[in-house]
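Quick caveat, the model's predicted, so the values are computed rather than measured. In each ligand, atom 1 is the first atom listed, and ligand 1 is the first ligand listed.
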Amino acid sequence: MIPIRRYLRGSGRVLAFVFVASIVWLLLDIAALRLSIDDVNSKLLKEKVIRERELLKQQSRVPLGPNPDPDPLRGGQKQDLPAVGPQSHSELHPNEVLSEHKQGSASLNVPVMKQGERSLDPNGGRGDGSKAERGSNEAMLNEVLSNIAKVPPGVQERTDAPPPASTSTKGHVHGGAEKTAANGEVQSRERELYAEETSVLRATKGRPAPETDLRAGGGPSGVHRVSSLDVTLSPRDAKAVGQFGQAAQVGSDEDAEVKRRWNEGHFNVFLSDKIPVDRAVPDTRPETCAQDLVHDGLPTTSVVFCFVDEVWSTLLRSVHSVLNRSPPHLLREIILVDDFSTKDYLREPLDAYMSQFPKVQIIRLKERQGLIRARLAGAAAAKGEVLTFLDSHVECNVGWLEPLLERIYRDRKKVPCPVIEVISDKDMSYMLVDNFQRGIFKWPLVFGWSPLPEEYIRKHNISISDPIRCPIMAGGLFAIDRQYFYELGAYDPGLDVWGGENMEISFKIWMCGGEIEILPCSRVGHIFRGQNPYSFPKDRQKTVERNLARVAEVWLDEYKVLFYGHGYQHLLDKNVIDIGNLTEQIELRKRLQCKNFKWYLENVYPDMDAPLVKAEGLIFNVGLRKCLTLWRNFLILDVCNLSKQTQLFNYTWMKQIRQKDICVAPQGKDNSLTLQPCNNANTELRWFHKSSNAALEDHLMSEFLPYMCLEAKPRDDTLQLAACTPEHVFQKWRFTRYLAQ
Ligand code: UD2
Ligand code: MN
């Protein structure tokens, strides 16, 4: 004992105390760690249980054969019967609904989708005129002009699908992660708009929504649960190829045949021909959709399909999907507009086939008009109160029509679109896409898909079945009040063949008082092809460019420079392209008193970045440390001063160095410079800066006189043109602010 006491004396006591305190601390730490491990474990366990439940639920939904319920819901009025798909599981535990909410509606035997973000603008808006740059610009424009760009994200192709030799494996367009609006005001305006927008008729479990929930606007007040009519639910042959939207296989000995027939439609035509024209597809709607209420007195619709040289089986499947899954009293007629097809089977055989369906009529155009004027011809013949346009290689899903008509019934200026799902071009399976997708555009007017920003979804408490405000429609599938379509001036009839009309109608709708939305409760599958399977009467690229230029000139106001500045400068040259007369379109816009494009950007697509110039402010010379100054019609270098108007320049989308209406140009003769009135079509006024040529990125290189750069002369503070030298600091320039790459 004595030696121990000795140790506990003086500093020994302190040490002992520290020792004991450390042990206690350690023990407490271990206890805390155990607690947190337990917590993590229980969370993991909980997640596992939820996952397993989800799996079970999915398995229970896989339609393994013919619908066990023999009643095929013929007649469409018996809504109480269970249908395949989510709606038969409305009694699920709320937890499961929650996890379904998180995972979207991927609950059927359709291929699982992965979240995908793909780059929309492969160019990023740069250009320096070097050969490589021109090449990449061309590649970008090709990409831009490719129609494969419209595949919505989230689609995963099956690896077991036959690999056709001619399939393009080009990348897709994507919506990048969306920036939240910088402008708080815009955000709050958006919030308000959204609150109005997303009110949908929804029954609480087993009980219809009270009448006060309805904003019927004076129509008949009766409502009913949305019809899940699907005449294909009892398929004649449950084991048929591709039945229930399953991937279809071909034997390895048939590969050659698949390849041979691929070009007839630029998808697996051989397989399509084997699949029943009235096959069933999985009901992919979010679970709550089947419980939604719609009005009894919905308007009738004329469904318009335009086609040119469409494949027989896909055309028929499109028509059958409408006939079989639309409440008959709402389907006034189906109008097939044959845009001067060359295939014989689309003549008498088609007439004969369709003659069994009194609601189907065929209009044949006497010459090739293109899809825009073909749709106009269909619309002119339509008698339904609503026009519903569809591509001719689609499959409308269960309950697709009423949600569309309901939105129009409530507000005739709404233009609803179904969610466009994907029918695989390879195995013809019906595939899901990501939730919360809206159609957007990127420069130079390239259509793409982009998810609603997550923060936005959270803030507005948006569920997977709520309507989604959509800045640009994909183009092919939408419903619109017939009269309203004409009030808006329909489509610009000057648009040729294919492309750009979706931009035109989208800008027109939004800017002239309407709204476009995507309805997750309405779903239609579409075959996205790698190429147009029909010929273009004129050059395809020029056709699309011309259409887009028309749209830009009529609708984009001062923002049209962003369109031209992203690789379409050549369209400003009137010798290159004649975009036709725009007087009527411009008049129409005035007559309708449409809002301007700035309003559209701020209110409809606030997360779009659209700076009117690429850079602005002072232009600082790195070597001389002075700034470019416009002094009495001369350019000189002077001490930098942000408050001097004479030193403030813009670097524009047309690559001009510009002060008000004055632009800097090379003189040509004696390596000096000159000032000229700005003119967007004048190529002499263009200077590369921050171009993809990394060695010259700080330089201002003339596009007109290649490899000649703007250089400060230190001797007398003037300027000259000189051969570009990468390291030369007197050739390096910096703007105060860069607004775009
Ligand atoms: C998309 C749209 C499409 C249209 C197009 C042009 C979807 C699902 N599809 O490309 O509807 O807006 O973008 O911007 O959103 N057709 C004719 N005459 C022609 C050319 C085409 O009748 O001269 C028909 C064609 O048979 C088809 C429809 O128009 O039924 C659309 O053409 P597409 O399928 O080639 O267009 P797509 O889906 O690539
Ligand atoms: Mn199509």
- Under 3.5 Å between some N or O of ligand 1 and some N or O of Leu477? no

- Message: What I want to check is whether the side chains of Thr232 and Asp278 have a donor and an acceptor closer together than 3.5 Å.
- Response: no

- If you look at Asp391, which of its N/O/S atoms is nearest to the Mn ion (ligand 2)? OD2

- Is there a donor in the side chain of Asp339 and an acceptor in the side chain of Tyr534, or the other way round, less than 3.5 Å apart? no

- Which atoms of ligand 1 have any heavy atom of Asn532 under 4.0 Å away? 35 (O)

- Query: Near Arg529, which atoms of ligand 1 are under 4.0 Å from a heavy atom of that residue?
  - Reply: 33 (P), 34 (O), 35 (O)

- Has ligand 1 got any nitrogen or oxygen that is less than 3.5 angstrom from a nitrogen or oxygen of Val308? yes

- Item | Option of least heavy-atom distance to atom 16 (N) of ligand 1 (set: Asp496, Leu548, Ile527, Leu371) | Leu371

- Answer with side chain, backbone, both or neither: which part of Gln369 has a heavy atom less than 4.0 angstrom from an atom of ligand 1? neither

- Task: Return yes if some donor-acceptor pair links the side-chain N/O of Ser506 with the main-chain N/O of Met473 below 3.5 Å, else return no.
- Result: yes

- Geometric N/O contact Gly476 with ligand 1, under 3.5 angstrom: yes

- Item | Close-contact set for ligand 1 against Gly370 heavy atoms, below 4.0 Å | 18 (N), 19 (C), 23 (O)

- Message: Under 4.0 Å from a heavy atom of Asp339: which atoms of ligand 1 are those, numbered in the order shown and with their elements?
- Response: 17 (C), 18 (N), 19 (C), 22 (O), 23 (O)

- Task: Could you list the atoms of ligand 1 found under 4.0 angstrom from a heavy atom of Glu501?
- Result: 4 (C), 6 (C), 12 (O), 14 (O)

- Item | Option passing side-chain hydrogen bond (donor to acceptor under 3.5 Å, both in side chains) with Arg279 (candidates His320, Gln243, Glu395) | Glu395

- Query: Between the side chain of Asp557 and the main-chain N/O of Tyr559, is any donor-acceptor distance below 3.5 Å?
  - Reply: no

- Query: With atoms numbered from 1 as shown, which atoms in ligand 1 lie under 4.0 angstrom from a non-hydrogen atom of His393?
  - Reply: 27 (C), 30 (O), 34 (O)

- Is Arg540 reaching over with its side chain to a backbone N or O of Asn532, donor-acceptor style, under 3.5 angstrom? no

- If the Mn ion (ligand 2) is the vertex, what is the angle to NE2 of His526 and NE2 of His393, rounded to 10 degrees? 90°

- Query: Does a salt bridge link Asp607 with Arg438, judged by any charged N lying under 4.0 Å from a carboxylate O?
  - Reply: yes

- Message: For a quick check under 3.5 Å, do Glu402 and Tyr409 share a side-chain donor-acceptor pair by atom type?
- Response: no

- Item | Met473 near ligand 1 by a heavy-atom separation under 4.0 Å | no

- Taking only heavy atoms of His526 into account, list the atoms of ligand 1 that are under 4.0 Å away from them. 8 (C), 38 (O)

- Quick check: does any side chain N or O of Thr314 sit under 3.5 Å from a backbone N or O of Val311, one acting as donor and the other as acceptor? yes

- Closest to atom 37 (P) of ligand 1 among Phe307, Trp498, Phe528 (heavy-atom distance): Trp498

- Note on the structure: If we number the atoms of ligand 1 from 1 as shown, the ones under 4.0 Å from a heavy atom of Val497 are 19 (C), 20 (C), 23 (O)

- Region of Phe447 engaging ligand 1 - heavy atom pairs below 4.0 Å: neither

- Message: Quick test of your reading of the model: are Glu385 and Arg482 salt-bridged, counting only N-O distances below 4.0 Å?
- Response: no

- Below 4.0 angstrom, N of the basic side chain to O of the carboxylate: do Glu545 and Lys542 qualify? no

- Is it the side chain, the backbone, both or neither of Arg375 that has a heavy atom closer than 4.0 Å to ligand 1? side chain

- For the pair Glu501 and Arg375, find out whether any cationic side-chain nitrogen is under 4.0 Å from an anionic carboxylate oxygen. yes

